[in-house]
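Comments concern the structure below.
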Amino acid sequence: MKIATWNVNSLNVRLPHVLKWLEANPVDVLCVQETKLTDDKFPAAAIEAAGYQVAYTGQKTYNGVAILSRLPITDVVKNNPRYEDAQQRILAATIDGMRIVCAYVPNGQSVDSEKYGYKLGWLAAFRDWLDEQAQQYPQLAVLGDYNIAPEDRDVHDPVAWAGQVLVSDQERAALLRLNELGLKDAFRLFEQADKSFSWWDYRQLGFRLNKGLRIDHILLSPALAARCSACVIDREPRKWEQPSDHAPVIATID
DNA sequence: ATGGCAAAACGTTTTTGA
């Protein structure tokens with residue numbers, strides 16, 4: 001069983017990439033972030049034609065998440081019931097006995113911005129809800145764009161980035177509080193190449209120079225971590241014409 | 001001179017992202 005996450009930066013623009021990628025990588029579950037589509041505009045038919053069931057919740061212009069699955073999707077929950085939020089950033093569903101959470105964590109903009117406070121508050125509520133979810137669903141996987149690089153090795157230039165949004169101590173502490181629930185970063189369960197990133201700036205030849213960050217993660221409960229045999233980042237679609245700035249992350253669950 | 005892309009929207013520019 002393969003589960004994956006990919007911030008597509010507009011599903012309207014990237015639908016051909018998603019379909020092409022799924023053809024080459026027929027994962028069982030794909031969590032998508034930044035669809036930027038209201039539900040009435042969601043391309044469900046095209047995705048179903050590719051052999052995937054789909055659940056989604058979106059809004060105009062910003063945010064929006066979806067779960068694509070080759071296996072039946074049940075018990076869909078939109079958003080965090082513990083946190084009033086107009087922004088569509090969370091979708092949860094049960095697939096093949098696993099509880100899958102697709103999350104698009106707020107960006108935060110900059111540490112002195114109001115959006116940074118929103119990010120930290122959102123993450124605190126996310127933690128509280130995941131605590132409950134972890135109790136209820138031992139087979140829990142939380143996939144998404146966390147907008148946090150957990151450690152300096154997840155940052156191409158830690159000195160230049162020091163203290164900035166996406167790497168600040170408070171954000172990293174919020175991510176650690178998710179780990180304290182028993183959720184493990186699937187990528188770090190394995191030996192990985194140095195300078196492995198999941199996002200590269202469109203500007204200044206970011207991808208070509210590998211000036212990136214690792215901010216897209218798959219967190220697994222202890223029961224799922226024990227079944228996980230691989231976790232990789234697929235850089236291929238970042239090389240395609242008109243790419244998303246993020247690459248997919250894929251975990252294999254035995 | 002905080003630039004440098006990319007996407008979306010009541011667009012001949014602004015906001016947001018990371």
Side-chain angles (χ1 to χ4, degrees), chain A residues 5-18 21 31-43 56-66 85-90 102-123 126 143-172 174-175 185 187 195-217 233 235 237-249:
Chain A
T5 180
W6 193 6
N7 179 325
V8 297
N9 185 18
S10 169
L11 187 57
N12 187 40
V13 173
R14 231 69 66 189
L15 178 63
H17 281 203
V18 170
W21 188 79
C31 293
V32 170
Q33 301 86 38
E34 284 208 89
T35 59
K36 300 186 180 181
L37 290 170
T38 50
D39 292 350
D40 58 309
K41 300 224 170 90
F42 193 91
Y56 46 89
T57 183
Q59 66 186 85
K60 201 184 204 178
T61 312
Y62 304 116
N63 312 313
V65 286
D85 190 4
Q87 303 189 18
Q88 301 303 300
R89 297 179 173 278
I90 295 175
C102 175
Y104 176 46
V105 176
N107 169 280
Q109 199 168 61
S110 67
V111 293
D112 54 5
S113 146
E114 273 179 27
K115 296 193 175 90
Y116 184 75
Y118 164 67
K119 180 178 193 173
L120 294 177
W122 190 99
L123 281 162
F126 190 48
L143 306 88
D145 176 358
Y146 285 74
N147 270 317
I148 301 170
E151 301 177 77
D152 279 354
R153 61 176 167 164
D154 302 308
V155 180
H156 70 91
D157 186 347
V159 173
W161 276 88
Q164 298 209 53
V165 75
L166 312 189
V167 309
S168 73
D169 290 343
Q170 287 189 86
E171 290 163 89
R172 285 176 168 174
L175 190 54
D185 181 349
F187 193 73
K195 302 187 188 306
S196 290
F197 306 126
S198 68
W199 169 87
W200 302 263
D201 202 308
Y202 284 121
R203 299 163 287 189
Q204 297 167 309
L205 303 173
F207 183 65
R208 204 181 305 175
L209 301 175
N210 197 30
K211 290 184 170 176
L213 303 174
R214 193 175 69 90
I215 54 176
D216 299 272
H217 310 299
I233 297 169
R235 297 163 53 98
R238 188 64 176 76
K239 301 172 187 170
W240 296 348
E241 227 17 63
Q242 205 181 4
S244 167
D245 41 0
H246 294 254
V249 184

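Below, read A as the first sequence line, B as the second, and so on, with proteins coming before strands; counting in each chain starts at 1.
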Assert: residue with more 5' nearest nucleotide on DNA chain B, out of Thr61(A) and Ile215(A), is Thr61(A)
Take atom C1' in dC10(B) and the same atom in dT15(B), then report the distance between them in whole Å.
-> 15 Å
Looking at Ile233(A), Val8(A), Ile215(A), which one forms a side-chain contact (heavy atoms from CB on, under 4.5 Å) with His246(A)?
-> Ile215(A)
Rounded distance in Å between the C1' positions of dA1(B) and dT12(B) = 23 Å
Taking the side chain from Asp245(A) and the backbone from Asp201(A), do they hold a donor-acceptor pair closer than 3.5 Å?
-> no
Determine the contact category for Asn107(A): base if any of its heavy atoms lies under 4.0 Å from a base atom, sugar-phosphate if only primed atoms, P, OP1 or OP2 are that close, otherwise nothing.
-> base
Checking all strands, does Gln164(A) fall into the base, sugar-phosphate, or nothing category for heavy-atom contacts under 4.0 angstrom?
-> nothing
Check: Val105(A) main-chain N/O paired with Asn147(A) side-chain donor or acceptor under 3.5 Å = yes
Determine the Euclidean distance between corresponding P atoms of dA7(B) and dA18(B); express it in Å to zero decimal places.
-> 14 Å
Check ion pair Asp154(A)-Arg172(A) (N to O, under 4.0 angstrom) | no
Indicate, with a heavy-atom threshold strictly under 4.0 Å, whether Leu205(A) touches base, sugar-phosphate, or nothing.
-> nothing
When you compare dG11(B) with dT16(B), how far apart are their C1' atoms, in angstrom units rounded to a whole number?
-> 15 Å
Under 4.0 Å between any heavy atoms, over every strand shown, what does Tyr146(A) touch: base, sugar-phosphate, or nothing? Just pick one.
-> nothing
Covered region of DNA chain B, 5' end to 3' end, by chain A [heavy atoms, under 4.0 Å] = dG4(B) to dA18(B)
Mind checking Asp216(A) for me? I need base, sugar-phosphate or nothing, with any heavy atom below 4.0 Å counting as a touch.
-> nothing
Can any side-chain N or O of Ser244(A) pair as donor or acceptor with the backbone N or O of Asn7(A) at less than 3.5 Å?
-> yes
Closest-nucleotide 5' rank along DNA chain B - winner of Tyr104(A) and Tyr202(A) | Tyr202(A)
Could you tell me whether a side-chain N or O of His156(A) sits under 3.5 Å from a main-chain N or O of Trp200(A), the two making a donor and an acceptor?
-> no
Answer with yes or no after comparing the ring centroid distance for Trp21(A) and Trp6(A) against a 6.0 Å cut-off, counting only values under it.
-> yes
